[in-house]
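Lettering of chains follows the sequences in order, A, B, ..., and the numbering in each one begins at 1.
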Amino acid sequence: MFFLQFISKFIKVLRSGEAPPLIAGGFTMGFIVGLTPFMTLQNILILLVAILTKVNLASVFFAMFLFSFFAYIFDPIFHNLGFFLLAQIENIKPLWTVIYNWPIAPFTRFNNTVVMGSLVAALLLSFPVYLAAKKGIILYRETWGEKIENSKFVKAIKGSALFKWYVKIRDLEF
Amino acid sequence: MRPKGLIGLLVVVLIVAGLGYLLSDKFIERQLESIGESIVGAKVEIDNLNFSLVGLAISFDRLQVTNPNDTWKNMFETGRVSFDMEVAPLARKKVIINDVTIADIRIGTKRASDGKIERQADDTPGWVSEAAESLKQQVAAAPVLNLGILKQKVNVDSLLAAFDIQSLNKIGQARQDAAASFARWENTVAEFRPQNDFEKVKQQVQEITSQKVSSLEQLLATADKTKKVINTLDKLKKEVESLKKSASADLGSITRTFTQVDNWIKDDFDAVKSKANLADFSAQNIGKMLFGDVLVAPTIGILEYIGLGRKYMPVAKQLFASGKVEKPPRLKGQDIRFPLLDGKPNFLLEHVLISAATNQQDTSKVLRLSGEVKGITTEQKVYGKPLTFALNAALPNSNAYEISGEFDHTGDTPSDRFRLTGRGIRFGKIDLPEKPYLPSQLIADRGDITADFGLIGDELDFKVSFTGSPVTFGFAQGAAGNNVIAKVTRSVFDSIDKLTLSARIHGPANAPRLSISSNIDDVLAARIKGVLGESVRLAQAEIEKKINAIVQPKKEEALAFVNQNKARLESEIDKIESAVTEQLDFLEQKKKEVEAEIAKKKGKGLKDVKDKLKGLFKKN
């Protein structure tokens, strides 16, 4: 139910009149938080920003939920990337040492291989993800939404009992 | 801006902070208990822990630490204890406590409930178990007095026929292991095949030697080529050195195994003697027979605690091991450590002041403890100082024991030492393990004791000396009987007024040797030997001769095999090494010649060449 609630809200958001940059921004924030281990200072700050600004919260939580699965799948790659960045590049070790000595460093957990690997990956991908999400929302509203609604497949689905059940859930007011 | 979001966030923060404050006491209490239990191996209970955010002070009403060997008793319990923690290090999950005073310690108190816990796995390090086993075996191998010794006749051949000579099996196994090791090294050396590289290098050297160098361009080309060949050879040399080092370590370990052969033979000899009830009543063995158990039990206890200390206070190389964890648990990763400028370890109890009297019902047994412990930390390398302690412990109407020591794990080799001294101590009754014909109690009115313990790396040296005067020995009622052995032992112990005892446990930590001697040994050994007569000695000599006749040829054959193979392998590796060195020397010479030539040309004014040549001969 929890997941369906997310999907329902997210689809509502996609079809609503909310500005695409706000939805894409929320989605990107959720992407970063979802891809990295949750309990870090940077994630708390991102969520704080999400709560305090007008980015779409449903898209934040949907992306968090979605990308936490990706985080699990890509964990070994993040570990390798993090180890490489933290332990194998001699030139940036002095920088890590300086950051490690900052009082807030322990809360960021930057010296953890998975945190570092996933954060770097998430930051590198955040801009493309933002652009793709924004483009995707516009495309959905302009073309895909209508096409999908009118497709034979969707019409067939709409007639099914499962879809009616889905509609009930989608239209629930939480 | 979303004002509702801000209000919601504040509410969440307040709820979390409130719950955290309410649950922090229980949480910290359980965490501390859990850490203690993992160290002690039995229940550790803290009563009414109170954590105050103001000044980060912690206090508790009582701490009970269960005795893991008797879980219905506490090893010790304390009264109220309070201390402050440093605030800033907590952000890094570091617990830094500067001063603690413990003023009310009670030892051996009864528990209201069983303090046993199910342990996940045995925490005792392997070397401690091995040492305990070795020491117990040495005491068990000490002779036992019985009347049967006087009556038996020994048929050595039938005795040996029914005995499985362990040293033969061990030599066979060691030879097999050595053969496997040699085969492995032969393969490694064969696969190493630097010949191909050599051929290439030789060809390049040939080209360098035969090349006519007349122009500057040719000179530069020659210099470049020489540099490349030197680099190749350097790499090859490093590989050879690494190969030689590993081989030397492995072959050395084979040799060390074979130095144990004489001990294996001796063990067999002792086992056969024991089977034939022909125990060796030498002065050395009398000491083990009388006082072996009394010394071994506390030694094992000490080693167990030292083992725990080494586990929880790792040395530098263990602490800063930064190898990659190949498969950490999913989403957990691996924390990489960087040098900290504040140099605070993860846990530090800088100074513990102990001033206490054990609260015994029997006031004659109240032990007064005082002293201090400095530098209890999990990371000595970070703290930079060893753990040191100096304690005094005294019973009523007695002088005090002085105990001081140092557990130094700041370097790569752990060094654990302590010294206990006591002059004019009132020992009273000391229980001895019950053995036929031997006393079950030693009563020493006053005595001096010194114990020096040192475990440096894996090398143990523990010396104990004791002098008691006047002493008397008590026998269990009805235990002695009235036969000849009983009369002999009684008369010896009755004549002893002063006991001097010295013991040493030394050697590799996992297989230390125990030796005990006392002023009783010679007297008792002489009297017992007198009673047992010549026949036992002859039988022992025959057993020794026959075991040697069986085992020695196998030993010599195995040693010859090992020495021959070892010499062959070492010679092969040396050959490779000297060939590489020879080529390197030649090329170094060639390099110097080219450098000289270049310098000459530079002197002639070829300044532009100087820049080109800069760094050319720098090694990669």
Heavy-atom cut-off 4.5 Å, strictly under: side chain, backbone, both or neither for B:K332 against chain A? backbone
Inspect the surroundings of CZ in B:F83 and state if more than 12 heavy atoms from other residues, nucleotides or ligands are less than 6.0 Å away. yes
Check whether any side-chain N or O of A:D75 sits under 3.5 Å from a backbone N or O of B:R330 as a donor-acceptor pair, and report yes or no. no
Of the backbone (N, CA, C, O) and the side chain (C-beta and beyond), which part of A:I73 lies under 4.5 Å from a heavy atom of chain B, both, or neither? backbone
Between A:F107 and chain B, with a heavy-atom cut-off of 4.5 Å, which part of the residue counts as in contact: side chain, backbone, both or neither? side chain
Would you check, one step at a time, whether the test side-chain contact (heavy atoms from CB on, under 4.5 Å) holds for B:Q334 with A:H79? CA-CA 8 Å; B:Q334 176 188 355; A:H79 169 61; 3.7 Å; yes
Hey, is NZ on A:K93 packed in by over 12 heavy atoms from elsewhere, all under 6.0 Å? yes
Max heavy-atom pairs within cutoff under 4.5 Å with chain B, candidates A:L86, A:N111, A:V115, A:V114, goes to A:N111
Could you work out, with side chain to side chain contact (heavy atoms under 4.5 Å, CB included) as the rule, every residue matching A:S59, not counting sequence neighbours? A:F10, A:I23, A:F27, A:N56
Note: vs chain B, highest number of non-hydrogen pairs under 4.5 angstrom among A:I104, A:L47, A:T36, A:V55 is A:V55
